[in-house]
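Comments concern the structure below.
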Amino acid sequence: MGSMLVSFVTDFFTYETTKSVVVKSWSVGIINRIVQLLIITYFVGWVFIHEKAYQVTDTGIESSVMTKVKGFGYQNNRVMDVADYVLPPQGSGVFCIMTKLIITENQFQGKCAETGRRFSCETNDNCTEHIGSILSNGVITGVCLKSSTDSKGMCEIEGWCPAENDNVKVTPMLNVSKFTIFIKNSIRFPLFNITRGNFPSTMTSEEIKKCTYHPETNPFCPIFNVGDVLNYTGQSVENLADKGGEIGINIEWKCNLDLDIEYCVPKYSFTRLDEPFAKNAVSKGYNFRFAKYFKTANGTDFRTLHKAYAIRFDVMVTGNAGKFDTIPTLITLVAAFTSVGLGAVLCDLILLNFLKGADQYKAKKFEEVSEAQIEASIAPSPGSPLSLKGGIKSSYDSGAMSLTTSDQQL
Amino acid sequence: MGSMLVSFVTDFFTYETTKSVVVKSWSVGIINRIVQLLIITYFVGWVFIHEKAYQVTDTGIESSVMTKVKGFGYQNNRVMDVADYVLPPQGSGVFCIMTKLIITENQFQGKCAETGRRFSCETNDNCTEHIGSILSNGVITGVCLKSSTDSKGMCEIEGWCPAENDNVKVTPMLNVSKFTIFIKNSIRFPLFNITRGNFPSTMTSEEIKKCTYHPETNPFCPIFNVGDVLNYTGQSVENLADKGGEIGINIEWKCNLDLDIEYCVPKYSFTRLDEPFAKNAVSKGYNFRFAKYFKTANGTDFRTLHKAYAIRFDVMVTGNAGKFDTIPTLITLVAAFTSVGLGAVLCDLILLNFLKGADQYKAKKFEEVSEAQIEASIAPSPGSPLSLKGGIKSSYDSGAMSLTTSDQQL
Amino acid sequence: MGSMLVSFVTDFFTYETTKSVVVKSWSVGIINRIVQLLIITYFVGWVFIHEKAYQVTDTGIESSVMTKVKGFGYQNNRVMDVADYVLPPQGSGVFCIMTKLIITENQFQGKCAETGRRFSCETNDNCTEHIGSILSNGVITGVCLKSSTDSKGMCEIEGWCPAENDNVKVTPMLNVSKFTIFIKNSIRFPLFNITRGNFPSTMTSEEIKKCTYHPETNPFCPIFNVGDVLNYTGQSVENLADKGGEIGINIEWKCNLDLDIEYCVPKYSFTRLDEPFAKNAVSKGYNFRFAKYFKTANGTDFRTLHKAYAIRFDVMVTGNAGKFDTIPTLITLVAAFTSVGLGAVLCDLILLNFLKGADQYKAKKFEEVSEAQIEASIAPSPGSPLSLKGGIKSSYDSGAMSLTTSDQQL
């Protein structure tokens, strides 16, 4: 019992290492080292240094955006200020600057004639076929309104009257290009609990008030000139102010937290969000309708309908942060080491098939043992003091056999 | 010095390959190949083809959503159009269609009686205990208002008067089911700089205006019928229009960028967002309050309070894009090759323990060397021309020893 | 032909295993096992149990947030209710509670004097230099308005008059700290199709109405006291109500889906979002402007401008879910096994360089074969019945040679 334990412990504390064949051949040796060098270079240069495979990455960036627009424009002979043209007013990350307003004043509930050309009619039948239409300015009643003298009239609608006529020409508010947008963006990487703001804490209040963002000269200034932004996206102010549009202001945070935190800074880019729809004729631009509600002295509700053409700005925050971590490092290292080992597959192929003396190399690399030999060795062999001796002998035999059969060996 | 360098270079350009034992045994051979086949099949079929482990994935999708609702409904004997029932008006990705409005007109600041049954009172004491309540329609003053003839009254509140009474019955705007929602969604995968829109650029303006989304017949039409959407989520229009609710319109982008970009298309799905709360009785539906403000001729402010029951639509965009990349491919390949190698562990187990002649196989696989032999070999052995010869000799001995002791070998 | 096929099949169904040298040395054996133990402990303890490397993770959480504020406050001698102080009204995940309002009543379009000190003037020249300013309350006309008796005046603006004077002192609505916020958050992990709500379905309506969130005693109650929330972020109510501010309510979902789904619960945390800007003097607090529009009896538009100081709450939902999956498990397992193998590198180093008898170990581990031997063996050797015999012989020689040259071996 005790000796069994000793023997078990002795056997446990052994070290098993593979027996290797060292081939002293210039050709295979050089190929071997070149393949290893290529693999190591690839891993060090691309995987580790360029792709930073030793880092764990946090992509779940948390972000909060606050915006503030400043500037004055004219629309319908009125001065428009921020409270008039920004919607929603509370300074969120997605906001609209209304640049053209088609205003239909004093709409009361009632019945009146449509304004759209598609709703022109000669008889009531022309209008009943439009019943249920959602393209009109109100519920189509099916009645054709026309004066006794005209042959053509307009279908009657029920709803807010008079109906909006959006074919009027309104001059858009072109000095939108002189407006400024102030963006305050604070982000957090929850995995590393890192918080950053989009302008450096060394920037003084005076500096911020005076600066304007420029990609090269002033890349951290949080104040953006609308004209510049439109310019960066390659859009014309005239077209956007007239038809409306969607602009993406992208704030990208790519942080390598192995470096100093001060290098974790935002990068702004500007895109036209309706780009993928440029080829479609439908729904060019950006517009929406809203109403302001009033009451007459006697309590009747009426409203002013606004069809607003607006430039919509989407401040989109993306980013990720990387930091050294043992797990990705280990997994990549193991992959790297094993890949270096895989280089041997190529060398083995060459050594055992294409080199002069390939058969001899095979004989050195492979020792063969077959069931027949094993069976022979365990059968009691007369004249042999130790049956095991035969096993050893056959081992050498197998080496010889291996040479004769190794031609078919892979 | 020179010869040392030569010798070093010669030693450096060598190739080291493991010495292998080739076992010519049908049983182990077949097991070996089957295990290898299983492992390779798993990696090729599942890991590579199904899970696309050769791709790098961008999950940081950037998205911009623009919506536009169309349709008319009746509420409180008025025709409601988009400007009346959609909130916020600017067509964002999260918007509400108000389907039922409880309107309290002409509220002025002042003091008046509560309307909620829980604030009924007999004496002021009944009301003072409600002071500080946030469930009332205004600040509870602690006074019980009752006419001299009644025994029961209502607590007095300070605030906008008269207080809202939301127990009135209002017919919800049921033809919300005929409304349509137009969704314009443009996305971008920043890692690959791929931009896509939710309807194909080959779709003409006319096609888009006429189509209605259908999961099978028209899966890329961006116009959704509200009734259909509610249907897909299994909700009844009547219930939702009456109590309000939250509907998720999910746009899923799963793009395999190794294929043609035209296969990168959205997939819509519709869910009821308050599903997890279905079992709770609290806060069923969706409603909120807002006010419209007016001024009397003499400048006093008053308001109309709206308690709006609304169907809220959340357009949620998710997705990821995959593209072939060397790093994940390499790591998976290395894992695959190494896994194939791990199959050998199983075969070794069988070969060295369960096969007939296992001891002989062990003798072939393992060469043993012990400290005792090494010490013996480096001691000057008389009668031996080369001390190293002993080392080699003991090598054979160890082979023999291995056979005798290998029973305990793991 | 047939025999070739048989021979090919026989060769295919072989099993190749590495030939190993078993070193029976206590020192290397113990080092070997300790290194293996360390590596296994690291993988089991850290990689598997702590980092859950056997799981596939879904980070693309889908979330929908609904909020409802309750409470009453006083502002400008009026009772303010939810419809008055919450913006936007529809209960979205980002909302503002207005705590201080600077109200400029009855603004009409026209021309009037500026109010800001920086626009004081003596001559028109002082004002022409301000033309184009975006810091004024309207468009600077370039005229200096002053009474004939005063030496100092104010620049004239065109726009909404009278101009806002935001230097007035207004008492902020301090009982914002008694308001409550109800948050309904439903999330979904699209990869696993798991839907969860932020309060348990076992919670009754009555329980929810009465409870208040507390991190320890009531961590799943969805009703938050504003005062508590401000407290958790370390902010003073007085300061925030006066200057405005931004508060992040973070809902974190970390779900281990290998456990029961009931353990997948939210964790709330509260942060001050303008933290990164604490050092900058600029843009402290949070405020914005909006207007309410009115019409006089004769149809002239006028408005009431509000400069609102508000506490903005951003409900931000983050999270990820993990579930056992074969691919990450396999990759990590392979990395683990290979890492255990890498422990051999260290032992080899010790065995072959620092141990007594290192040369003998080298001789056992490495068999050498050089081009010269191979060439000699394939040259017809007279007196040898089998040319291959030479190859075998040289094999032993190489073993001897290996011992003599292995000092330079790496």
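Keep in mind that what you see is a predicted model, and the values were worked out from it rather than measured. Proteins get letters first, then strands, A, B, ... in listed order; numbering begins at 1 in each.
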Where on [X] is there a heavy atom nearer than 4.5 Å to chain A: the side chain, the backbone, both, or neither?
X         : result
Asn320(C) : neither
Ser27(C)  : neither
Val21(C)  : both
Ser25(C)  : backbone
Phe12(C)  : neither
Glu246(C) : side chain
Asp314(C) : side chain
Glu158(C) : both
Ala297(C) : neither
Cys96(C)  : side chain
Ile30(C)  : both

Tell me, with the steps shown, if Thr14(A) and Arg33(C) meet side chain to side chain contact (heavy atoms under 4.5 Å, CB included).
CA-CA 8 Å; Thr14(A) 55; Arg33(C) 295 301 179 194; 4.3 Å; yes

Spatial distance of atom [atom1] ([X]) from atom [atom2] ([Y]) [nearest 0.5 Å]:
X         : Y         : atom1 : atom2 : value
Phe72(A)  : Asn137(C) : CZ    : CG    : 6.5 Å
Thr332(C) : Leu330(A) : OG1   : CG    : 11.0 Å
Lys295(C) : Asn106(A) : NZ    : CG    : 5.0 Å
Met66(A)  : Asn287(C) : CE    : CG    : 7.5 Å

Heavy-atom cut-off 4.5 Å, strictly under: side chain, backbone, both or neither for [X] against chain C?
X         : value
Arg196(A) : backbone
Asp58(A)  : neither
Phe179(A) : neither
Glu206(A) : neither
Val82(A)  : neither

Would you check, one step at a time, whether the test side chain to side chain contact (heavy atoms under 4.5 Å, CB included) holds for Glu62(A) with Thr271(C)?
CA-CA 12 Å; Glu62(A) 277 170 46; Thr271(C) 51; 5.7 Å; no

Under a 4.0 Å threshold between the charged nitrogen and the carboxylate oxygen, would Arg303(C) count as salt-bridged to Asp84(A)?
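Salt bridge present between Asp84(A) and Arg303(C).
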
Would Lys292(A) and Asp301(C) pass as an ion pair if we require N to O under 4.0 Å?
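Between Asp301(C) and Lys292(A) there is no salt bridge, as every charged N stays at least 4.0 Å from the carboxylate O atoms.
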
Smallest separation among heavy atoms of [X] and [Y], with atom names:
X         : Y         : answer
Ser63(A)  : Met316(C) : O-SD, 3.6 Å
Arg312(C) : Val65(A)  : NH2-O, 2.5 Å
Ser186(A) : Pro276(C) : CB-CG, 3.8 Å

Could you check Asn250(C), Thr318(C), Leu273(C) and say which one makes a side-chain contact (heavy atoms from CB on, under 4.5 Å) with Arg188(A)?
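The residue from Asn250(C), Thr318(C), Leu273(C) that satisfies side-chain contact (heavy atoms from CB on, under 4.5 Å) with Arg188(A) turns out to be Asn250(C).
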
How about Phe337(C): does its CZ atom have over 12 heavy atoms from other parts shown lying under 6.0 Å from it?
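Incorrect, the count does not exceed 12.
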
Looking at Tyr85(A), I'd like to know if its OH atom is crowded, meaning that more than 12 non-hydrogen atoms belonging to other residues, nucleotides or ligands lie closer than 6.0 Å.
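Atom OH in Tyr85(A) is packed in, count exceeds 12.
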
Ring centres of Phe277(C) and Phe199(A) under 6.0 Å apart?
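Close enough - the centres of the two rings lie under 6.0 Å apart.
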
Ignoring hydrogens and geometry, is there a side-chain-to-backbone donor-acceptor pair from Gln109(C) to Val79(A) under 3.5 Å?
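Checking the backbone N and O of Val79(A) against the side chain of Gln109(C), a donor-acceptor pair under 3.5 Å is found.
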
Just by modelled atom types, is the Ser20(A) backbone N or O under 3.5 Å from a matching donor or acceptor in the Lys365(C) side chain?
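No, because the side chain of Lys365(C) does not come within donor-acceptor range (under 3.5 Å) of the backbone of Ser20(A).
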
Choice from [options] maximising heavy atom contacts with chain A below 4.5 Å:
options                                 : result
Thr18(C), Val94(C), Leu135(C), Leu87(C) : Leu87(C)
Ala53(C), Gly159(C), Gly138(C)          : Gly138(C)
Gly60(C), Ser136(C), Ser133(C)          : Ser136(C)

Would Thr10(A) and Trp26(C) count as a side chain to side chain contact (heavy atoms under 4.5 Å, CB included) if you check the C-alpha gap in whole Å, the side-chain angles of each, and the deciding distance to 0.1 Å?
CA-CA 8 Å; Thr10(A) 318; Trp26(C) 283 95; 4.3 Å; yes

Quiz question: by atom type and distance under 3.5 Å, do the side chains of Tyr42(C) and Thr326(A) form a donor-acceptor pair?
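Yes - a donor-acceptor pair under 3.5 Å links their side chains.
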
Determine whether Gln90(A) and Phe95(C) make a side-chain contact, defined as any pair of heavy atoms from C-beta on separated by less than 4.5 Å.
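With C-beta onward as the side chain, the pair stays apart.
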
Who wins among Tyr74(A), Phe294(A), Tyr293(A) for the most heavy-atom pairs under 4.5 Å with chain C?
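Looking at each of Tyr74(A), Phe294(A), Tyr293(A) in turn, Phe294(A) comes out on top.
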
Can you tell which of Glu16(A), Glu368(A), Glu367(A) makes a salt bridge (charged side-chain N to carboxylate O under 4.0 Å, His left out) with Lys19(C)?
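When Glu16(A), Glu368(A), Glu367(A) are each tested with Lys19(C), the salt bridge (charged side-chain N to carboxylate O under 4.0 Å, His left out) holds only for Glu367(A).
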
